[in-house]
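For ligands, and for the atoms within them, numbers begin at 1 and follow the listed sequence. Because the structure is predicted, anything quoted here is derived from the model rather than measured. No hydrogens, no waters, no symmetry mates; every other heavy atom, side chains included, goes into these values.
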Amino acid sequence: MSRLTAGTIGELRDGLRSGRVRAADLLEAALEGIADSEAEQPALNAFISVAGERLAEQVDAVDRALGAGEELGSLAGIPVAIKDNICTRELPTTCGSRILEGYVSPYEAAVARKLRAAGALILGKTNLDEFSMGSSTENSGFGPTRNPWDRMRVPGGSSGGSAAAVAAGLVPVALGSDTGGSIRQPASFCGVVGLKPTYGRVSRYGLVAFASSLDQIGPLTRTVEDAALMLSVIAGVDRFDSTSADLPVPDFGERLDAGVDGLAVGVPREYFPDDLDDGIASLCRSAVERLAGMGAEVREISLPHTEYAIPAYYLVAMAEASSNLARYDGVRYGLRVPSASSTMAVYREARGAGFGAEVKRRIMLGTYSLSAGYYDEYYGRGQRVRRLIARDFDNVFAQGIDAVFTPTAPTVAFRLGERVDDPVEMYLSDVFTVTANLARLPAISIPIGRIEGLPVGGQLLARHFDETTLLQVASTLERSIAADPLDREP
Ligand code: GLN
């Protein structure tokens with residue numbers, strides 16, 4: 001793709017600093033790219049709103065500063081897209097839901113403020129499953145996003161708009177959020193890099209809550225290097241998020257070139273079941289062999305509670321969601337039903353008309369699992385299993401494992417409509433990703449090859465707050481694959 005915006009941050013920055021391109025050219029290319037992606041049939045539908053012309057002033061200021069040789073922020077003039085569950089002041093924040101129709105946040109998320117402070121152009125807000133509940137972006141109130149590799153397929157979800165925007169070359173980087181895989185699974189389906197940082201690494205202030213003990217913001221990018229750079233911009237403690245970690249923010253890219261010699265990579269047998277798709281299993285094997293070939297010590301490991309991860313995740317996530325979503329009452333935000341005749345009717349009608357089917361399903365299941373007499377049996381049990389899953393990982397890291405390698409998703413991108421009527425089948429798309437959220441660990445998906453032209457991601461996990469090692473291993477693998485792609489026909 002020859003679009004200006006289809007490069008990496010480094011390439012775009014070099015273009016700007018050398019004077020070959022202006023920030024105004026980048027903005028124009030991005031807007032043209034979005035318009036083209038909407039004009040083609042069927043439309044990509046990656047964006048819910050676009051800032052467009054409103055950025056002209058900011059772009060002029062960047063171009064003037066560049067012309068004057070001033071020192072600029074690390075993202076000066078770089079167009080970025082933001083998932084539409086992250087609050088911005090200029091653009092509406094819909095969460096992909098009709099219940100937030102017309103809502104413009106009076107405040108800005110910490111990550112949006114940090115991106116702007118680094119000089120980034122916040123180009124637009126990307127499509128998502130309603131309130132991030134889903135794995136295909138088909139649960140959006142604004143129509144599904146399509147996969148740029150095959151428009152009859154889903155981009156994954158819930159950060160499908162962000163993944164598709166990066167994969168289609170409309171922006172070099174985007175932000176997503178990940179509660180059970182919503183950055184990594186769409187990254188896998190769209191052939192881009194998706195990083196979920198350690199819980200607490202990035203402030204959630206201004207991220208609309210889905211399941212507060214699992215949610216985390218992270219970047220979708222074209223390269224591991226760009227993921228490291230984006231994380232350096234958005235990470236750090238924030239007094240507006242009491243769960244953000246008060247730890248120094250290192251240069252996450254400092255060991256991208258350090259190789260994997262002497263590191264131990266664990267391959268958990270529970271993530272390679274006998275019925276795993278052959279193509280995915282074989283691409284994962286090749287990736288592991290590459291790591292071994294470059295000096296990593298590869299060990300088979302066991303994470304014995306993996307089989308309970310999906311039920312534990314859905315119990316915890318739905319319970320927290322039912323509580324977080326109680327605030328959408330038809331009074332304080334968005335959609336209002338003017339004809340309602342009583343207070344209860346205001347709530348009932350706004351929630352009835354404003355929420356989609358999946359969100360309603362989760363509110364009902366979550367409320368049930370929290371109710372008196374059931375709390376211990378459901379939510380309490382989910383939390384106990386969560387601790388066992390976290391302990392599995394603690395044990396392998398205590399045995400000297402530096403990174404764990406798994407498939408990101410059990411399949412390539414599936415067809416639109418294929419799973420919409422089968423919520424359990426949809427939930428199973430997350431079997432390999434929910435554990436990182438339950439255990440609060442950092443995890444990344446990088447492209448490891450293709451099956452019949454469709455991208456496949458491999459997932460790496462590392463110790464809490466050790467994104468530097470995570471990115472080191474990911475970058476080493478990424479470069480080995482770039483130098484000698486795995487998806488040649490045998
Ligand atoms: N697909 C999972 C769910 O539906 C994860 C979503 C997410 O990470 N936001 O809950």
Side-chain angles (χ1 to χ4, degrees), residues 82-86 95-97 126-140 144-145 154-163 174-190 194-197 199 202 204 207-220 309-325 355-366 369 382 386 408-411 413-414 418-420 422-445 457 459:
I82 296 189
K83 186 176 181 179
D84 206 17
N85 61 349
I86 295 174
C95 294
S97 182
T126 55
N127 201 6
L128 68 160
D129 287 298
E130 187 175 5
F131 287 104
S132 304
M133 298 177 189
S135 308
S136 68
T137 315
E138 290 168 294
N139 295 340
S140 169
T145 296
V154 303
S158 62
S159 311
S162 287
L175 289 185
S177 69
D178 190 313
T179 304
S182 277
I183 290 175
R184 292 160 287 153
Q185 184 257 21
S188 176
F189 281 14
C190 290
L195 169 65
K196 183 201 87 74
Y199 184 80
V202 175
R204 290 181 295 113
L207 169 68
V208 178
F210 161 11
S212 312
S213 75
L214 301 161
D215 298 339
Q216 184 63 185
I217 297 172
L220 291 112
I310 285 280
Y313 165 77
Y314 276 96
L315 279 171
V316 172
M318 290 183 189
E320 294 185 11
S322 78
S323 154
N324 276 325
L325 269 59
F355 288 139
E358 179 63 23
V359 171
K360 287 179 185 163
R361 173 158 42 236
R362 294 193 188 200
I363 290 173
M364 287 189 282
L365 287 166
S369 82
R386 175 181 192 170
T408 305
T411 64
F414 43 88
E418 196 177 295
R419 298 191 182 183
V420 278
D422 189 347
V424 173
E425 188 63 22
M426 192 72 96
Y427 299 166
L428 289 173
S429 334
D430 308 319
V431 317
F432 301 140
T433 48
V434 295
T435 47
N437 304 78
L438 290 167
R440 303 170 192 247
L441 295 167
I444 191 168
S445 177
Q459 176 178 236

**Prompt:** Heavy-atom distance to atom 4 (O) of ligand 1: which of Glu358, Lys83, Lys196, Arg362 wins?
**Reply:** Arg362

**Message:** Out of all atoms in ligand 1, which are within 4.0 Å of some heavy atom of Ser132? Include the element for each.
**Reply:** 6 (C), 7 (C), 9 (N)

**Item:** Thr137 side chain to Thr145 side chain, donor-acceptor N/O pair below 3.5 angstrom
**Value:** no

**Message:** Polar contacts were defined as any N/O atom of the residue lying under 3.5 Å from an N/O atom of the ligand; does this apply to Gly181 and ligand 1?
**Reply:** yes

**Message:** Less than 3.5 Å apart, any donor N or O on the side chain of Lys83 or Ser162 sitting next to an acceptor on the other?
**Reply:** no

**Asked** For ligand 1, is there an N or O atom under 3.5 Å from any N or O atom of Phe210?
**Response** no

**Request:** Only heavy atoms count here, so choose which of Ser177, Ser429, Ser182 is nearest to atom 6 (C) of ligand 1.
**Result:** Ser182

**Prompt:** Can you tell me if Ala317 has a non-hydrogen atom under 4.0 Å from ligand 1?
**Reply:** no

**Asked** Quick one: are Arg361 and Pro423 in side-chain contact, heavy atoms under 4.5 Å?
**Response** yes

**Prompt:** Under 4.5 Å between any side-chain heavy atoms of Met426 and Asp129, yes or no?
**Reply:** no

**Request:** Of the side chain and backbone of Tyr314, name the one, both, or neither that has a heavy atom under 4.0 Å from an atom of ligand 1.
**Result:** side chain

**Request:** Kindly assign one of parallel, tilted or perpendicular to the pair Phe131 and Phe355, based on the angle between their ring planes and the thresholds 30° and 60°.
**Result:** perpendicular

**Item:** Side-chain donor or acceptor of Glu138 paired with backbone N/O of Val420 under 3.5 Å
**Value:** no

**Prompt:** ligand 1 and Gly134, any nitrogen or oxygen pair closer than 3.5 angstrom?
**Reply:** yes

**Atoms of ligand 1 close to Ser158 [distance to a heavy atom under 4.0 angstrom, numbered from 1]** = 9 (N)

**Prompt:** For ligand 1, is any non-hydrogen atom under 4.0 Å from Asp430's backbone (N, CA, C, O), its side chain (CB onward), both, or neither?
**Reply:** side chain

**Prompt:** Do Tyr313 and ligand 1 have an N or O pair less than 3.5 Å apart?
**Reply:** yes

**Message:** Under a 4.0 angstrom heavy-atom cut-off, which atoms of ligand 1 come close to Gly180?
**Reply:** 5 (C), 7 (C), 8 (O)

**Asked** Will you find, in the side chains of Arg204 and Tyr199, an N or O donor that is under 3.5 Å from an N or O acceptor?
**Response** yes

**Message:** If only side-chain N and O atoms count, and only distance matters, is there a donor-acceptor pair under 3.5 Å linking Ser213 with Arg386?
**Reply:** yes

